[in-house]
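Worksheet: one structure, shown below.
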There are 2 protein chains.
Amino acid sequence: MEDLTQELFRFFNGFSSWESSVIRASDLTVWESSVIRASDLTVSEAHAIEVLGQYGQMNMKNVAMKLGVTTGTTTVTIDRLERKQYAKRELSSQDRRVYLISLTEKGLQAYEEHHQFHSELSKQVLGTLTEEESEQLLKTLQKINAEIF
Amino acid sequence: MEDLTQELFRFFNGFSSWESSVIRASDLTVWESSVIRASDLTVSEAHAIEVLGQYGQMNMKNVAMKLGVTTGTTTVTIDRLERKQYAKRELSSQDRRVYLISLTEKGLQAYEEHHQFHSELSKQVLGTLTEEESEQLLKTLQKINAEIF
DNA sequence: CAATATAGTTAGAAAATCAAATCATATCAT
DNA sequence: ATGATATGATTTGATTTTCTAACTATATTG
(Lines give C-alpha, C1' and ligand atoms only; values in the text may rest on other atoms or scores of the structure.)
Protein backbone atom coordinates (compact mmCIF):
# COMPACT_ATOMS: atom_id res chain seq x y z
CA MET A 1 0.00 0.00 0.00
CA GLU A 2 2.71 2.45 0.98
CA ASP A 3 4.74 1.18 -1.97
CA LEU A 4 1.88 1.77 -4.35
CA THR A 5 1.42 5.31 -3.06
CA GLN A 6 5.06 6.00 -3.71
CA GLU A 7 5.10 4.54 -7.22
CA LEU A 8 1.82 6.18 -8.11
CA PHE A 9 3.12 9.64 -7.29
CA ARG A 10 6.49 9.05 -8.82
CA PHE A 11 4.66 8.08 -11.96
CA PHE A 12 2.49 11.18 -11.75
CA ASN A 13 5.43 13.48 -11.12
CA GLY A 14 7.36 11.86 -13.94
CA PHE A 15 4.51 12.54 -16.30
CA SER A 16 4.24 16.04 -14.99
CA SER A 17 7.77 17.10 -15.77
CA TRP A 18 7.74 15.24 -19.05
CA GLU A 19 4.56 17.05 -20.02
CA SER A 20 5.84 20.52 -19.24
CA SER A 21 9.08 19.91 -21.07
CA VAL A 22 7.13 18.77 -24.12
CA ILE A 23 4.84 21.80 -24.08
CA ARG A 24 7.77 24.12 -23.76
CA ALA A 25 9.84 22.31 -26.37
CA SER A 26 7.05 22.19 -28.91
CA ASP A 27 6.68 25.92 -28.51
CA LEU A 28 10.18 26.44 -29.87
CA THR A 29 11.81 25.43 -33.08
CA VAL A 30 15.11 26.08 -34.81
CA TRP A 31 15.13 27.83 -38.14
CA GLU A 32 18.31 28.89 -39.95
CA SER A 33 20.32 28.36 -36.77
CA SER A 34 18.20 30.55 -34.53
CA VAL A 35 15.48 29.61 -32.10
CA ILE A 36 12.13 31.11 -32.93
CA ARG A 37 8.68 30.79 -31.46
CA ALA A 38 6.81 28.13 -33.41
CA SER A 39 3.38 28.40 -31.90
CA ASP A 40 1.75 31.23 -30.03
CA LEU A 41 0.49 28.95 -27.26
CA THR A 42 1.39 29.41 -23.61
CA VAL A 43 1.50 26.45 -21.23
CA SER A 44 -1.96 27.02 -19.77
CA GLU A 45 -3.46 27.52 -23.20
CA ALA A 46 -1.91 24.25 -24.32
CA HIS A 47 -3.42 22.52 -21.30
CA ALA A 48 -6.85 23.84 -22.15
CA ILE A 49 -6.50 22.62 -25.72
CA GLU A 50 -5.46 19.24 -24.43
CA VAL A 51 -8.55 18.99 -22.25
CA LEU A 52 -10.90 20.15 -25.01
CA GLY A 53 -9.31 17.76 -27.49
CA GLN A 54 -9.55 14.91 -25.05
CA TYR A 55 -13.13 15.36 -23.85
CA GLY A 56 -14.72 17.32 -26.69
CA GLN A 57 -17.22 20.13 -26.30
CA MET A 58 -17.88 21.07 -22.67
CA ASN A 59 -19.00 24.02 -20.57
CA MET A 60 -16.76 26.47 -18.72
CA LYS A 61 -17.29 24.88 -15.36
CA ASN A 62 -16.15 21.46 -16.54
CA VAL A 63 -13.14 22.90 -18.32
CA ALA A 64 -12.23 24.64 -15.07
CA MET A 65 -12.60 21.40 -13.12
CA LYS A 66 -10.49 19.42 -15.54
CA LEU A 67 -7.80 22.08 -15.44
CA GLY A 68 -8.00 22.35 -11.66
CA VAL A 69 -8.52 26.14 -11.66
CA THR A 70 -11.40 28.54 -10.98
CA THR A 71 -13.95 29.51 -13.61
CA GLY A 72 -12.59 33.05 -13.53
CA THR A 73 -9.21 31.80 -14.67
CA THR A 74 -10.85 29.66 -17.31
CA THR A 75 -12.78 32.59 -18.71
CA VAL A 76 -9.50 34.40 -19.29
CA THR A 77 -7.84 31.36 -20.86
CA ILE A 78 -10.73 30.68 -23.23
CA ASP A 79 -10.89 34.39 -24.11
CA ARG A 80 -7.32 34.18 -25.33
CA LEU A 81 -7.87 30.92 -27.18
CA GLU A 82 -10.91 32.42 -28.86
CA ARG A 83 -9.04 35.57 -29.83
CA LYS A 84 -6.30 33.40 -31.36
CA GLN A 85 -8.96 31.25 -33.02
CA TYR A 86 -8.10 27.95 -31.36
CA ALA A 87 -11.47 27.60 -29.61
CA LYS A 88 -15.01 28.89 -29.83
CA ARG A 89 -17.97 29.50 -27.50
CA GLU A 90 -21.54 28.52 -28.37
CA LEU A 91 -24.58 29.30 -26.28
CA SER A 92 -26.26 26.18 -24.97
CA SER A 93 -29.80 25.77 -26.18
CA GLN A 94 -30.73 23.91 -22.99
CA ASP A 95 -29.52 26.46 -20.47
CA ARG A 96 -28.96 30.02 -21.48
CA ARG A 97 -26.41 30.63 -18.73
CA VAL A 98 -24.10 28.07 -20.26
CA TYR A 99 -21.45 28.41 -22.92
CA LEU A 100 -20.25 25.26 -24.66
CA ILE A 101 -16.60 25.45 -25.60
CA SER A 102 -15.01 23.52 -28.42
CA LEU A 103 -11.91 23.54 -30.57
CA THR A 104 -11.89 25.14 -33.99
CA GLU A 105 -10.17 23.57 -37.00
CA LYS A 106 -6.97 25.31 -35.96
CA GLY A 107 -7.42 24.15 -32.38
CA LEU A 108 -7.94 20.55 -33.44
CA GLN A 109 -4.80 20.72 -35.51
CA ALA A 110 -2.80 22.00 -32.54
CA TYR A 111 -4.28 19.20 -30.45
CA GLU A 112 -3.27 16.56 -32.97
CA GLU A 113 0.28 17.88 -33.04
CA HIS A 114 0.54 17.79 -29.28
CA HIS A 115 -1.06 14.38 -29.23
CA GLN A 116 1.77 12.97 -31.34
CA PHE A 117 4.11 13.58 -28.44
CA HIS A 118 1.76 11.69 -26.18
CA SER A 119 1.84 8.75 -28.53
CA GLU A 120 5.61 8.83 -28.38
CA LEU A 121 5.58 8.50 -24.61
CA SER A 122 2.97 5.81 -24.84
CA LYS A 123 5.23 3.91 -27.20
CA GLN A 124 8.07 4.26 -24.72
CA VAL A 125 5.88 2.86 -21.96
CA LEU A 126 4.89 -0.11 -24.08
CA GLY A 127 8.54 -0.67 -24.84
CA THR A 128 9.29 -1.43 -21.21
CA LEU A 129 6.41 -3.90 -20.80
CA THR A 130 5.54 -7.35 -22.06
CA GLU A 131 2.47 -7.87 -24.24
CA GLU A 132 0.56 -9.24 -21.28
CA GLU A 133 1.56 -6.46 -18.91
CA SER A 134 0.49 -3.88 -21.46
CA GLU A 135 -2.96 -5.37 -21.81
CA GLN A 136 -3.35 -5.59 -18.06
CA LEU A 137 -2.23 -1.98 -17.64
CA LEU A 138 -4.79 -0.80 -20.15
CA LYS A 139 -7.59 -2.63 -18.36
CA THR A 140 -6.50 -1.34 -14.97
CA LEU A 141 -6.28 2.26 -16.16
CA GLN A 142 -9.72 2.02 -17.73
CA LYS A 143 -11.13 0.82 -14.46
CA ILE A 144 -9.47 3.55 -12.41
CA ASN A 145 -10.39 6.31 -14.84
CA ALA A 146 -13.99 5.21 -14.99
CA GLU A 147 -14.40 4.91 -11.25
CA ILE A 148 -12.26 7.66 -9.82
CA PHE A 149 -11.54 10.40 -12.35
CA MET B 1 -1.82 1.62 -28.50
CA GLU B 2 -4.08 4.60 -29.20
CA ASP B 3 -6.30 3.36 -26.40
CA LEU B 4 -3.42 3.23 -23.99
CA THR B 5 -2.38 6.78 -24.89
CA GLN B 6 -5.87 7.96 -24.18
CA GLU B 7 -6.19 6.18 -20.83
CA LEU B 8 -2.69 7.18 -19.78
CA PHE B 9 -3.41 10.85 -20.24
CA ARG B 10 -6.86 10.66 -18.78
CA PHE B 11 -5.23 9.11 -15.75
CA PHE B 12 -2.61 11.83 -15.65
CA ASN B 13 -5.13 14.63 -16.01
CA GLY B 14 -7.33 13.05 -13.37
CA PHE B 15 -4.41 13.00 -10.98
CA SER B 16 -3.59 16.54 -11.89
CA SER B 17 -6.92 18.07 -10.98
CA TRP B 18 -7.20 15.87 -7.92
CA GLU B 19 -3.76 17.04 -6.79
CA SER B 20 -4.48 20.74 -7.20
CA SER B 21 -7.76 20.48 -5.38
CA VAL B 22 -6.03 18.70 -2.50
CA ILE B 23 -3.26 21.25 -2.22
CA ARG B 24 -5.74 24.08 -2.25
CA ALA B 25 -8.08 22.37 0.21
CA SER B 26 -5.33 21.49 2.66
CA ASP B 27 -4.33 25.13 2.71
CA LEU B 28 -7.71 26.10 4.12
CA THR B 29 -9.56 25.09 7.21
CA VAL B 30 -12.77 26.10 8.90
CA TRP B 31 -12.66 27.57 12.39
CA GLU B 32 -15.69 28.96 14.18
CA SER B 33 -17.66 29.04 10.93
CA SER B 34 -15.16 31.03 8.94
CA VAL B 35 -12.51 29.88 6.51
CA ILE B 36 -9.00 30.76 7.51
CA ARG B 37 -5.60 30.03 6.09
CA ALA B 38 -4.24 26.95 7.85
CA SER B 39 -0.75 26.72 6.46
CA ASP B 40 1.46 29.38 4.96
CA LEU B 41 2.29 27.26 1.91
CA THR B 42 1.35 28.32 -1.59
CA VAL B 43 0.69 25.74 -4.31
CA SER B 44 4.13 25.96 -5.87
CA GLU B 45 5.81 25.75 -2.50
CA ALA B 46 3.78 22.65 -1.71
CA HIS B 47 4.89 21.10 -4.99
CA ALA B 48 8.52 21.75 -4.17
CA ILE B 49 8.09 20.17 -0.75
CA GLU B 50 6.48 17.18 -2.37
CA VAL B 51 9.43 16.73 -4.72
CA LEU B 52 12.01 17.15 -1.97
CA GLY B 53 10.14 14.76 0.28
CA GLN B 54 9.84 12.20 -2.47
CA TYR B 55 13.39 12.25 -3.80
CA GLY B 56 15.37 13.59 -0.86
CA GLN B 57 18.30 15.98 -1.05
CA MET B 58 18.97 17.26 -4.55
CA ASN B 59 20.47 20.23 -6.38
CA MET B 60 18.59 23.22 -7.79
CA LYS B 61 18.74 22.00 -11.34
CA ASN B 62 17.12 18.68 -10.49
CA VAL B 63 14.44 20.32 -8.41
CA ALA B 64 13.69 22.58 -11.38
CA MET B 65 13.48 19.60 -13.70
CA LYS B 66 11.18 17.66 -11.40
CA LEU B 67 8.93 20.70 -11.04
CA GLY B 68 9.04 21.39 -14.77
CA VAL B 69 10.14 25.02 -14.36
CA THR B 70 13.33 27.03 -14.91
CA THR B 71 16.11 27.29 -12.34
CA GLY B 72 15.28 30.97 -11.93
CA THR B 73 11.81 30.08 -10.75
CA THR B 74 13.20 27.41 -8.47
CA THR B 75 15.62 29.82 -6.84
CA VAL B 76 12.69 32.03 -5.90
CA THR B 77 10.63 29.12 -4.60
CA ILE B 78 13.46 27.71 -2.50
CA ASP B 79 14.25 31.21 -1.21
CA ARG B 80 10.74 31.40 0.18
CA LEU B 81 10.83 27.88 1.62
CA GLU B 82 14.13 28.68 3.26
CA ARG B 83 12.81 31.93 4.73
CA LYS B 84 9.83 30.04 6.14
CA GLN B 85 12.18 27.32 7.39
CA TYR B 86 10.75 24.43 5.40
CA ALA B 87 13.94 23.79 3.43
CA LYS B 88 17.65 24.48 3.59
CA ARG B 89 20.56 24.93 1.21
CA GLU B 90 23.94 23.30 1.76
CA LEU B 91 27.01 23.87 -0.39
CA SER B 92 28.15 20.73 -2.14
CA SER B 93 31.63 19.65 -1.20
CA GLN B 94 32.15 18.10 -4.63
CA ASP B 95 31.27 21.09 -6.76
CA ARG B 96 31.30 24.55 -5.31
CA ARG B 97 28.76 25.86 -7.83
CA VAL B 98 26.15 23.48 -6.47
CA TYR B 99 23.68 23.88 -3.65
CA LEU B 100 22.06 20.76 -2.23
CA ILE B 101 18.51 21.38 -1.10
CA SER B 102 16.74 19.38 1.56
CA LEU B 103 13.75 19.61 3.87
CA THR B 104 14.10 20.77 7.46
CA GLU B 105 12.27 19.10 10.33
CA LYS B 106 9.35 21.44 9.69
CA GLY B 107 9.47 20.68 5.97
CA LEU B 108 9.44 16.95 6.57
CA GLN B 109 6.44 17.35 8.80
CA ALA B 110 4.58 19.30 6.12
CA TYR B 111 5.51 16.59 3.65
CA GLU B 112 4.14 13.86 5.88
CA GLU B 113 0.87 15.73 6.26
CA HIS B 114 0.50 16.15 2.53
CA HIS B 115 1.46 12.55 2.01
CA GLN B 116 -1.56 11.42 4.02
CA PHE B 117 -3.77 12.74 1.25
CA HIS B 118 -1.81 10.71 -1.24
CA SER B 119 -2.42 7.60 0.78
CA GLU B 120 -6.12 8.36 0.66
CA LEU B 121 -6.12 8.40 -3.12
CA SER B 122 -4.00 5.29 -3.17
CA LYS B 123 -6.58 3.59 -1.00
CA GLN B 124 -9.30 4.64 -3.40
CA VAL B 125 -7.34 3.18 -6.31
CA LEU B 126 -6.87 -0.10 -4.49
CA GLY B 127 -10.58 -0.13 -3.77
CA THR B 128 -11.42 -0.41 -7.45
CA LEU B 129 -8.97 -3.24 -8.12
CA THR B 130 -8.67 -6.89 -7.22
CA GLU B 131 -5.75 -8.15 -5.13
CA GLU B 132 -4.08 -9.50 -8.24
CA GLU B 133 -4.59 -6.39 -10.32
CA SER B 134 -3.12 -4.29 -7.51
CA GLU B 135 0.02 -6.36 -7.35
CA GLN B 136 0.41 -6.27 -11.10
CA LEU B 137 -0.11 -2.50 -11.16
CA LEU B 138 2.60 -2.00 -8.56
CA LYS B 139 5.06 -4.08 -10.57
CA THR B 140 4.23 -2.29 -13.78
CA LEU B 141 4.60 1.15 -12.23
CA GLN B 142 7.93 0.20 -10.72
CA LYS B 143 9.15 -0.88 -14.12
CA ILE B 144 7.97 2.26 -15.88
CA ASN B 145 9.30 4.59 -13.18
CA ALA B 146 12.68 2.89 -13.18
CA GLU B 147 13.08 2.91 -16.93
CA ILE B 148 11.42 6.13 -18.04
CA PHE B 149 11.10 8.64 -15.23
C1' DC C 1 45.67 28.91 -19.71
C1' DA C 2 42.16 30.68 -22.53
C1' DA C 3 37.75 29.39 -24.15
C1' DT C 4 33.69 27.26 -23.20
C1' DA C 5 30.25 25.04 -20.31
C1' DT C 6 27.50 24.63 -16.21
C1' DA C 7 24.99 25.77 -11.62
C1' DG C 8 22.77 29.09 -9.54
C1' DT C 9 21.06 34.00 -8.80
C1' DT C 10 18.99 38.41 -9.96
C1' DA C 11 15.99 41.83 -12.21
C1' DG C 12 12.17 43.26 -14.72
C1' DA C 13 8.29 42.11 -17.21
C1' DA C 14 4.59 39.09 -18.55
C1' DA C 15 1.41 35.39 -17.56
C1' DA C 16 -1.53 32.85 -14.47
C1' DT C 17 -4.27 32.71 -10.79
C1' DC C 18 -7.47 33.80 -7.04
C1' DA C 19 -11.37 35.79 -4.29
C1' DA C 20 -15.19 38.48 -4.33
C1' DA C 21 -18.66 41.11 -6.60
C1' DT C 22 -21.86 41.01 -10.30
C1' DC C 23 -25.11 39.63 -14.00
C1' DA C 24 -28.23 36.60 -16.12
C1' DT C 25 -30.80 32.62 -15.96
C1' DA C 26 -32.75 28.38 -13.45
C1' DT C 27 -34.85 26.04 -9.84
C1' DC C 28 -37.40 25.48 -5.66
C1' DA C 29 -40.69 26.20 -1.93
C1' DT C 30 -44.65 27.97 -0.80
C1' DA D 1 -47.07 32.11 -10.12
C1' DT D 2 -43.49 34.52 -7.41
C1' DG D 3 -40.05 35.54 -4.21
C1' DA D 4 -35.90 33.37 -2.50
C1' DT D 5 -32.07 30.82 -3.48
C1' DA D 6 -28.79 28.49 -6.49
C1' DT D 7 -25.88 28.19 -10.50
C1' DG D 8 -22.87 29.35 -14.70
C1' DA D 9 -20.12 32.65 -16.38
C1' DT D 10 -17.75 37.15 -16.32
C1' DT D 11 -15.26 41.08 -14.41
C1' DT D 12 -12.16 43.45 -11.36
C1' DG D 13 -8.13 44.25 -8.73
C1' DA D 14 -4.56 42.20 -6.41
C1' DT D 15 -1.22 38.63 -5.72
C1' DT D 16 1.57 34.84 -7.13
C1' DT D 17 4.17 32.41 -10.39
C1' DT D 18 6.81 32.24 -14.07
C1' DC D 19 9.87 33.41 -17.83
C1' DT D 20 13.92 35.37 -20.29
C1' DA D 21 18.19 37.42 -20.28
C1' DA D 22 22.08 39.06 -18.08
C1' DC D 23 25.31 37.96 -14.60
C1' DT D 24 28.58 35.61 -11.08
C1' DA D 25 31.24 31.89 -9.75
C1' DT D 26 33.20 27.62 -10.51
C1' DA D 27 34.45 23.52 -13.66
C1' DT D 28 35.99 21.43 -17.72
C1' DT D 29 38.28 21.05 -22.08
C1' DG D 30 41.33 21.74 -26.02
Side-chain angles (χ1 to χ4, degrees), chain A residues 16-17 19-21 23-25 27-28 34-37 39-49 51 57-84 87-101, chain B residues 16-17 19-21 23-28 30 34-37 39-49 51 57-84 87-101:
Chain A
S16 227
S17 49
E19 178 77 359
S20 40
S21 73
I23 289 184
R24 263 180 253 295
D27 195 36
L28 298 174
S34 60
V35 174
I36 58 164
R37 191 148 294 264
S39 88
D40 53 353
L41 290 174
T42 67
V43 171
S44 66
E45 288 162 12
H47 274 140
I49 286 180
V51 164
Q57 195 180 54
M58 62 204 297
N59 65 23
M60 296 297 287
K61 206 189 175 192
N62 286 132
V63 176
M65 272 173 40
K66 290 292 178 196
L67 292 174
V69 297
T70 64
T71 56
T73 300
T74 306
T75 293
V76 175
T77 306
I78 299 298
D79 279 350
R80 278 199 313 264
L81 285 180
E82 207 169 23
R83 211 174 322 116
K84 295 181 190 171
K88 57 177 187 286
R89 283 173 170 87
E90 288 167 284
L91 262 171
S92 160
S93 51
Q94 325 288 317
D95 185 334
R96 304 201 303 165
R97 293 167 306 181
V98 171
Y99 281 109
L100 296 172
I101 321 301
Chain B
S16 228
S17 47
E19 177 77 358
S20 41
S21 73
I23 288 183
R24 263 180 253 296
S26 70
D27 193 38
L28 298 175
V30 176
S34 59
V35 175
I36 58 165
R37 192 148 294 264
S39 88
D40 55 352
L41 289 174
T42 66
V43 171
S44 65
E45 288 161 13
H47 273 141
I49 286 181
V51 164
Q57 195 179 54
M58 62 205 297
N59 66 23
M60 295 298 286
K61 204 188 176 194
N62 286 132
V63 176
M65 272 173 40
K66 290 291 178 197
L67 292 174
V69 297
T70 64
T71 57
T73 301
T74 306
T75 293
V76 175
T77 306
I78 299 298
D79 279 351
R80 279 199 312 264
L81 284 180
E82 206 169 24
R83 212 173 320 116
K84 296 181 190 172
K88 58 177 188 286
R89 283 174 169 86
E90 288 166 285
L91 262 171
S92 161
S93 51
Q94 326 287 317
D95 184 334
R96 304 203 303 163
R97 294 167 304 180
V98 170
Y99 282 107
L100 296 171
I101 320 301

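The shown structure was predicted, so the numbers you read here are calculated from the model rather than taken from an experiment. Numbered from 1 within each chain, the chains take letters A, B, ... in sequence-line order.
Without hydrogens or angle criteria, Thr73(A) side chain to Val69(A) main chain gives no donor-acceptor distance under 3.5 Å. Side-chain atoms of Glu45(A) never come within 3.5 Å of backbone atoms of Leu81(A) as a donor-acceptor pair (strictly under, hydrogens ignored).
The nearest whole Å value for the distance from the CD1 atom in Ile78(B) to the P atom in dA7(C) is 16 Å. The CE atom of Met60(B) sits 8 Å away from the C1' atom of dT9(C) (whole-angstrom rounding). As rounded to whole Å, 16 Å separates atom C1' of dT28(D) from atom CD of Gln94(B). One can place CD of Glu45(B) at 16 Å from P of dT15(D), the figure rounded to the nearest angstrom. Taking atom CE on Met65(B) and atom C1' on dT18(D), their separation rounds to 18 Å, with Å as the unit. Rounded to whole Å, atom C1' of dA6(D) lies 10 Å from atom NZ of Lys61(A). One interatomic measurement links the two molecules: CZ of Arg97(B) to C1' of dA5(C), which rounds to 8 Å at whole-angstrom precision. Going from atom CG of Asp79(A) over to atom P of dA15(C) covers 15 Å, rounded to whole Å.
In the set dT10(D), dT18(D), dT9(C), dT9(C) carries the atom at the smallest distance from any side-chain atom of Tyr99(B).
At least one side-chain nitrogen or oxygen of Thr73(A) sits closer than 4.0 Å to the OP1 or OP2 atom of dC18(C). At dA19(C), none of the side-chain N or O atoms of Thr70(A) fall inside 4.0 Å of OP1 or OP2 (strictly under the cut-off).
Residue whose closest nucleotide on DNA chain D sits further toward the 5' end, between Gly68(B) and Thr75(A): Thr75(A). Where Gly72(B) and Ser44(A) meet DNA chain C, the nucleotide closest to each residue was compared, and Gly72(B) sits on the side nearer the 5' end. Nucleotides of DNA chain C nearest to Arg80(A) and Asp95(A) differ in position, and the one nearer the 5' end is that of Arg80(A).
With hydrogens and angles ignored, no donor-acceptor pair under 3.5 angstrom links the side chain of Arg96(A) to the base of dT25(C).
Among Asn59(B), Ile101(B), Val98(B), the single residue meeting the side chain to side chain contact (heavy atoms under 4.5 Å, CB included) criterion with Arg89(B) is Ile101(B).
Residues Arg97(B) and Ser92(B) have side chains not in contact (no heavy-atom distance under 4.5 Å, counting atoms from C-beta outward).
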I would like to know whether Thr71(B) and Thr74(B) meet side chain to side chain donor-acceptor pair (under 3.5 Å); could you show each step before the answer?
-> CA-CA 5 Å; Thr71(B) 57; Thr74(B) 306; over 6 Å; no
